[in-house]
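Take a look at the structure below.
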Amino acid sequence: MVDPVASRAAGSDFADRLRVNSEYVVIPLFALLVAAALFAVFLLAIGKSPADFVAYVWRGGFGTAFSFQNTLQRSAPLILTALAVAIPARIGLIMIGGEGALVLGGFAAGALAIPLVGHAPPIVALFLMAVFAMIVGAFWAGISGFLRYARGVNETISSLLLTYIGIAIMNFFVEGALRDLSNPNKPSTMPIGDAYMIGKIPGTQVHWGFAYGIMLCVALYFLMARTTFGFAARVTGGNFRAALAQGLPVGRLIVACTAIAGACAGLAGFFEVAAIQGRANASLAAGYGFTGILVSFLARHNPLVIPAVAILLGGLVASGGLIQRRMDLPDATVLVLQGLIFVVLLTSETLYGRFAIFRPGSGQDRK
């Protein structure tokens, strides 16, 4: 026989959890609606139709099988660079240097390919390129983590500055010692060749970076939510001094989380070289690292939510060319929308905890 008191208590606990968790869905959705309304006002002010804009975003990003696969392809680096923000966020760090780790990771993969192409089997060469890209990305992002713990340097500032240093390093070698002299129009490293390119997922036009990004999201969710390492990282992020008092290795945790973040971004750079560009060049600095910041914040730094948000923004990015051609708008129009979303989203952070409807037991209080 079921105890009615226990049954009601279990139902009340579930309702409370649902009410509290719904806040993390409702407020970001509200922020998106406000940003969309502000962007609609912006379009009307310049004499363009918001309805046409929505129609072209749908057609260019989701309306056909080709456009949707293009969206999935664009979302692959966004997933990985969003993880580069989400993992440090679990330990209380705001890292915005994924772009630099991506660029250096892609450059490292392209540079390593030069001696490997023609001398190593493609599977071996690609594996070594991916590992090297992740190591370089982990090292580059890990610098910010080390500076944060050892010297108290703000990780947001240091990671951003390191991004520009990383891009400059890539440009220095791509335009100098490692430049492919047979391609005078665009400085780049030597091409890796079709035999060393990563193929598509069978039955699609989407490269394997998307699938690996999904798997990495699941793996890192379990790492941060179901392991002692993840628990220690969350404790440190919740209260730095309490973590030190409990004897947790705070320094190693900070460096480890930032290194994992850099490895994710470096892997994104590898896929850009081995699946898209075929060489390292300035196209690596396409802004995926910065868009990944927005993806992570919209997903509330939850690795399981990141893929869905990345696909949404990937569709927005993929439709940029169509919007430019059909509406006679600059390609930067999409960046304006992204900027509005980010500003409104950050502002909406002040709304958490302010509404009684999302508090545990609020349903019983109304009764």
Does the [X] side chain pair with the main chain of [Y], one donor and one acceptor, at a distance under 3.5 Å?
X      : Y      : value
Ser296 : Ile293 : no
Thr291 : Tyr288 : no
Ser319 : Gly61  : no
Gln73  : His207 : yes
Thr163 : Ser159 : yes
Thr227 : Gly230 : yes
Glu155 : Arg148 : no

Between atom [atom1] of [X] and atom [atom2] of [Y], what is the distance when rounded to the nearest 0.5 Å?
X      : Y      : atom1 : atom2 : result
Leu223 : Leu216 : CG    : CG    : 10.0 Å
Leu83  : Ile260 : CG    : CD1   : 10.5 Å
Leu294 : Leu312 : CG    : CG    : 9.0 Å
Ile114 : His119 : CD1   : NE2   : 12.5 Å
Ile214 : Leu80  : CD1   : CG    : 9.5 Å
Leu329 : Gln324 : CG    : CD    : 9.0 Å

Verify same cluster id: [X], [Y] (apolar side-chain graph, 4.5 Å):
X      : Y      : answer
Val218 : Ile201 : no
Leu267 : Phe222 : no
Leu304 : Met224 : no
Leu33  : Leu345 : no
Leu346 : Leu313 : yes

Using side-chain contact (heavy atoms from CB on, under 4.5 Å), reason through Ser49 and Leu43 one step at a time and then give a plain yes or no. CA-CA 6 Å; Ser49 168; Leu43 289 176; over 6 Å; no
Check for me whether the distance between the ring centres of Phe271 and Phe210 falls short of 6.0 Å.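 Between Phe271 and Phe210, the centre distance exceeds or equals 6.0 Å.
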Is the centre of the Phe53 ring less than 6.0 Å from the centre of the Phe39 ring?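 Between Phe53 and Phe39, the centre distance is under 6.0 Å.
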Side chains of [X] and [Y] in contact at under 4.5 Å (non-hydrogen atoms):
X      : Y      : value
Ile94  : Pro88  : no
Phe30  : Leu351 : yes
Ser283 : Lys186 : yes
Thr189 : Phe173 : no
Leu32  : Leu298 : yes
Met327 : Asp52  : yes
Met190 : Arg179 : no
Phe290 : Thr81  : no

Quick check: closest heavy atoms across [X] and [Y], and the distance to 0.1 Å?
X      : Y      : value
Ile96  : Leu160 : CD1-CB, 3.9 Å
Ala286 : Glu99  : N-OE2, 3.4 Å
Gly98  : Ala265 : O-CB, 3.5 Å
Val250 : Ala243 : CG2-CB, 3.9 Å
Met95  : Ala141 : CE-O, 3.7 Å
Thr71  : Gly314 : CG2-C, 3.7 Å

Which residue pairs satisfy the side chain to side chain donor-acceptor pair (under 3.5 Å) criterion with at least one member in residues 131-144, sequence neighbours excluded?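 Sorted result for residues 131-144: Ser144-Ser158.
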Sequence neighbours excluded - side chain to side chain donor-acceptor pair (under 3.5 Å) pairs with any residue from residues 244-267: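 Pairs touching residues 244-267 that pass the test: none.
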Looking at residues at least two apart in the chain, or sitting in another chain, which of them share a salt bridge (Lys or Arg N to Asp or Glu O under 4.0 Å) with Arg74?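 Arg74 satisfies salt bridge (Lys or Arg N to Asp or Glu O under 4.0 Å) with no other residue.
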Residues in salt bridge (Lys or Arg N to Asp or Glu O under 4.0 Å) contact with Arg300, at least two apart in sequence or another chain: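 Partners of Arg300 under the salt bridge (Lys or Arg N to Asp or Glu O under 4.0 Å) test: Glu349.
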Yes or no on side-chain contact (heavy atoms from CB on, under 4.5 Å) for Val136 and Phe107, after CA distance, side-chain angles and deciding distance? CA-CA 9 Å; Val136 171; Phe107 167 69; over 6 Å; no
Under 3.5 Å, is there a donor-acceptor pair linking the side chains of Lys48 and Thr333?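 No, because no side-chain N or O of Lys48 sits under 3.5 Å from a partner of the opposite role on Thr333.
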If the plane angle is over 60° it's perpendicular, under 30° parallel, otherwise tilted; pick one for Phe297 and Phe342.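 Because their plane-to-plane angle is over 60°, the rings of Phe297 and Phe342 count as perpendicular.
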Counting heavy atoms not belonging to [X], are there more than 12 under 6.0 Å from its [atom1]?
X      : atom1 : answer
Ile46  : CD1   : yes
Tyr221 : OH    : no
Tyr352 : OH    : yes
Phe139 : CZ    : no
Tyr212 : OH    : no
Phe146 : CZ    : no

Can you sort out the partners of Phe127 under side chain to side chain contact (heavy atoms under 4.5 Å, CB included), two or more places apart, ordered by chain and number?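 With sequence neighbours excluded, Phe127 shows a side chain to side chain contact (heavy atoms under 4.5 Å, CB included) to Val131, given in chain and number order.
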Would you please test Ile157 and Leu161 for side-chain contact (heavy atoms from CB on, under 4.5 Å) and show each step? CA-CA 6 Å; Ile157 297 174; Leu161 295 178; 3.9 Å; yes
Evaluate the side-chain contact (heavy atoms from CB on, under 4.5 Å) criterion for residues Val317 and Gln338: first the C-alpha distance (whole Å), next the side-chain angles of each, then the deciding distance (0.1 Å), finally the verdict. CA-CA 10 Å; Val317 173; Gln338 289 181 4; 3.6 Å; yes
Restricting to side-chain hydrogen bond (donor to acceptor under 3.5 Å, both in side chains), what partner residues turn up for Asp180, sequence neighbours left out?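 Applying side-chain hydrogen bond (donor to acceptor under 3.5 Å, both in side chains) to Asp180 gives Ser182.
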